[in-house]
Amino acid sequence: MGKKINVAILGAGNIANDMAEALNGISDEVVAYAVASRSLEKAEAFAKKWGFQKAYGSYEELAKDSDVDLIYVATPHSEHYKNTKLCLENGRNCLVEKAFCGNLPQSKELIDYAEGKNIYLAEAMWTRYQPSKDIIRNLISEGRIGTVNYVESDFSVQCSKVERVYNPALAGGALLDLGIYSLTVPVMYVGTDIKDIKVEVEKFDTGVDATTIVTFTYNNGIVAKTTCSANADPNNESNYAKIVGDKGYIKFGPINVPRIIEIFDLDDNLIESITPPILVNGYEYEVLESKKAMEEGKLEPDFMPHSETIRMMGWMDSIRNHVNIVYPFETEADINHNTETIFGKGAHFVD
């Protein structure tokens with residue numbers, strides 16, 4: 001188990017409450033130490049609700065607290081770059097909520113800085129840390145569904161009225177908010193040896209994507225269709241994935257925190273249903289992995305290394321560039337990457 005570490009949360013919004021619940025559930029491993037908000041009143045209310053020892057009315061105060069072992073950055077992803085940079089410049093280890101930053105250049109700058117200063121830095125892409133991933137991988141490797149030929153992942157909810165989703169200045173759009181999960185499914189289970197990338201997009205009036213569908217064709221013939229939408233019918237919202245083989249298929253959901261994994265034959269008969277273990281609510285695993293990595297002197301977690309953060313940010317940049325979605329805080333040059341560098345040799349976009 002090792003010595004407990006002091007964990008702090010920067011930001012006191014909805015997702016911060018989820019992390020606070022997780023921290024309370026693993027109190028034998030961590031201390032719910034401090035929370036910071038731009039409002040001291042809000043921070044104090046949060047600290048009282050969840051039992052944190054300290055409350056700060058500014059991010060700067062938290063960043064300067066040398067008793068903090070790990071800061072979870074829980075602000076909107078448009079703010080991750082400057083918030084995380086502040087923490088790193090003060091020597092704080094960081095676990096940064098997805099999407100890691102607004103674009104790849106910002107992400108590389110933070111990672112390079114952290115590595116140069118020997119500071120732990122990780123992306124809190126919670127799906128990557130959960131036990132469900134190993135269950136699904138084992139089912140595939142054991143041949144339970146035969147040879148995989150198709151992957152489908154869909155994360156679509158009605159959140160079109162949420163400002164951080166439709167506002168370009170907040171790095172808005174379905175892709176960074178929801179699509180990161182849809183894109184992660186094929187990466188986790190069939191790899192990245194991609195040949196063709198096809199993008200279909202529907203935009204808000206603000207210019208960012210309301211719906212994005214990305215279809216990958218792999219060099220081995222596998223096709224992966226990933227969908228994300230902030231314009232879903234509230235009565236027909238989707239959050240699931242299917243991995244299809246020549247003997248059957250695996251269906252699981254929600255894709256961000258799988259609660260049920262089902263195996264079907266090709267006639268849609270349910271063969272087996274598996275409930276993955278969850279200690280608290282799913283957020284705890286990224287904290288426990290970070291604690292373990294830090295104790296081992298690592299600068300990144302095994303489950304979400306810096307190379308994967310760079311890969312996914314590069315993918316999303318390139319997809320946005322292909323459909324002309326540029327945020328106000330960046331230029332087209334920031335997201336206009338060489339396709340083969342980002343996706344691999346021979347990969348290209350198709351119409």
Side-chain angles (χ1 to χ4, degrees), residues 15 77 98-99 125-128 130 132-133 135-137 139-140 145 148-162 164-166 172-192 194 196-204 208-218 222-245 248-264 266 268 270 273-276 282 308 311-312 315-316 318-320 322-323 325 343 349-350:
I15 203 166
H77 42 246
K98 63 83 197 162
M125 181 57 179
W126 61 329
T127 312
R128 300 261 193 162
Q130 293 167 22
S132 55
K133 72 182 187 305
I135 296 173
I136 296 166
R137 284 173 175 165
L139 291 172
I140 295 170
I145 59 171
V148 175
N149 51 51
Y150 179 72
V151 176
E152 180 177 290
S153 57
D154 187 344
F155 197 171
S156 300
V157 298
Q158 179 48 249
C159 55
S160 60
K161 304 301 182 183
V162 178
R164 64 176 171 78
V165 175
Y166 67 74
L175 183 64
L176 265 66
D177 199 70
L178 305 172
I180 180 65
Y181 291 115
S182 302
L183 293 173
T184 293
V185 170
V187 173
M188 289 178 69
Y189 301 116
V190 296
T192 59
I194 290 167
D196 298 337
I197 310 112
K198 181 179 180 180
V199 182
E200 303 166 77
V201 66
E202 173 192 334
K203 296 181 180 180
F204 288 114
V208 298
D209 64 306
T211 299
T212 295
I213 301 172
V214 184
T215 303
F216 299 109
T217 302
Y218 285 71
I222 294 175
V223 173
K225 181 181 180 181
T226 72
T227 301
C228 63
S229 180
N231 261 342
D233 180 344
N235 297 316
N236 192 30
E237 295 182 338
S238 299
N239 189 347
Y240 75 95
K242 287 175 68 174
I243 303 172
V244 183
Y249 62 91
I250 300 167
K251 184 175 182 179
F252 59 92
I255 58 175
N256 51 342
V257 54
R259 302 289 187 174
I260 188 71
I261 301 169
E262 297 174 315
I263 308 168
F264 294 85
L266 293 178
D268 297 322
L270 179 62
S273 181
I274 301 169
T275 301
E308 281 302 294
R311 182 199 307 280
M312 300 312 296
W315 279 24
M316 292 190 293
S318 297
I319 291 165
R320 285 197 295 117
H322 187 69
V323 293
I325 298 175
F343 289 97
F349 284 90
V350 297

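The figures here come from the full heavy-atom set of this structure, side chains too, leaving out hydrogens, waters and symmetry mates.
The shortest side-chain heavy-atom distance between I260 and T275 falls under the 4.5 Å cut-off. Looking at heavy atoms from C-beta onward, P276 lies out of side-chain contact with Q130 at the 4.5 angstrom threshold. Residues M316 and L183 are in side-chain contact: their nearest non-hydrogen atoms beyond the backbone lie under 4.5 Å apart. Proximity of V187 to E308: side-chain heavy atoms (C-beta onward) are separated by under 4.5 Å at one or more points. You'll find the side chain of V199 stays beyond 4.5 Å of the side chain of I213, heavy atoms only. Here the side chains of L270 and E262 are in contact, with some heavy-atom distance below 4.5 Å. With contacts defined as side-chain heavy-atom distances shorter than 4.5 Å, the pair I261/L139 qualifies. Side-chain contact between R164 and D177: present, with at least one pair of heavy atoms (C-beta onward) separated by less than 4.5 Å.
Residues Y249 and D268 bring a donor and an acceptor atom of their side chains to less than 3.5 Å of each other. The closest side-chain donor-acceptor pair between T226 and S182, if any, does not fall under 3.5 angstrom.
The two atoms that bring A174 and A230 nearest to each other are CB-N, 4.0 Å, heavy atoms only. In this structure, G172 and D209 approach most closely via the heavy-atom pair O-OD1, 4.3 Å. A241 and V185 make their closest contact through CB-CG1, 4.0 Å (heavy atoms, listed as atom of the first residue, atom of the second, distance). Here the closest non-hydrogen pair linking K133 and Y189 is CA-OH, 3.3 Å. In terms of heavy atoms, S156 sits closest to T227 at OG-CG2, 4.0 Å. Contact detail for A232 and E237: the closest heavy-atom pair is CB-CG, 4.2 Å.
In this structure, R320 CZ and I325 CD1 are separated by 7.5 Å, a value rounded to the nearest 0.5 Å. Atom OG1 of residue T127 and atom NZ of residue K98 lie 9.0 Å apart, to the nearest 0.5 angstrom. Here the straight-line distance linking atom CG of N256 with atom CG of N239 works out to 5.0 Å at 0.5 Å rounding. Taking CD1 of I197 as the reference point, atom OG of S318 lies at 8.0 Å (rounded to 0.5 Å). Here the NZ-CG distance, from K203 to N231, works out to 14.5 Å after rounding to the nearest 0.5 Å. Taken to the nearest 0.5 Å, the CZ atom of R137 stands 12.0 Å off from the CD1 atom of I135.
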Pair M125-T184, side-chain contact (heavy atoms from CB on, under 4.5 Å): steps then yes or no: CA-CA 9 Å; M125 181 57 179; T184 293; 3.4 Å; yes
Chi angles and distances behind the side-chain contact (heavy atoms from CB on, under 4.5 Å) call for T211, V201: CA-CA 6 Å; T211 299; V201 66; over 6 Å; no
From CA spacing to verdict: side-chain contact (heavy atoms from CB on, under 4.5 Å), Y218, V190: CA-CA 9 Å; Y218 285 71; V190 296; 3.5 Å; yes
Audit row: W315, T192, side-chain contact (heavy atoms from CB on, under 4.5 Å) steps and yes/no: CA-CA 11 Å; W315 279 24; T192 59; 4.1 Å; yes
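A tilted orientation is assigned to the rings of Y181 and F155, their planes being inclined by 30° to 60°. Ring pair Y166/F204 is perpendicular by interplanar angle, where above 60° counts as perpendicular and below 30° as parallel.
Between the side chain of K225 and the backbone N or O of D154 there is no donor-acceptor pair closer than 3.5 Å.
Remark: K251 qualifies as a cation-pi partner of Y240 under the 6.0 Å distance and 45° angle criteria applied to the six-membered ring.
By the side chain to side chain contact (heavy atoms under 4.5 Å, CB included) test, D233 is found to be paired with N235, N236, residues two or more places apart in sequence or in another chain being considered. Under the rule for a side-chain hydrogen bond (donor to acceptor under 3.5 Å, both in side chains), the partners of Q158 that lie at least two apart in sequence or sit in another chain are S160.
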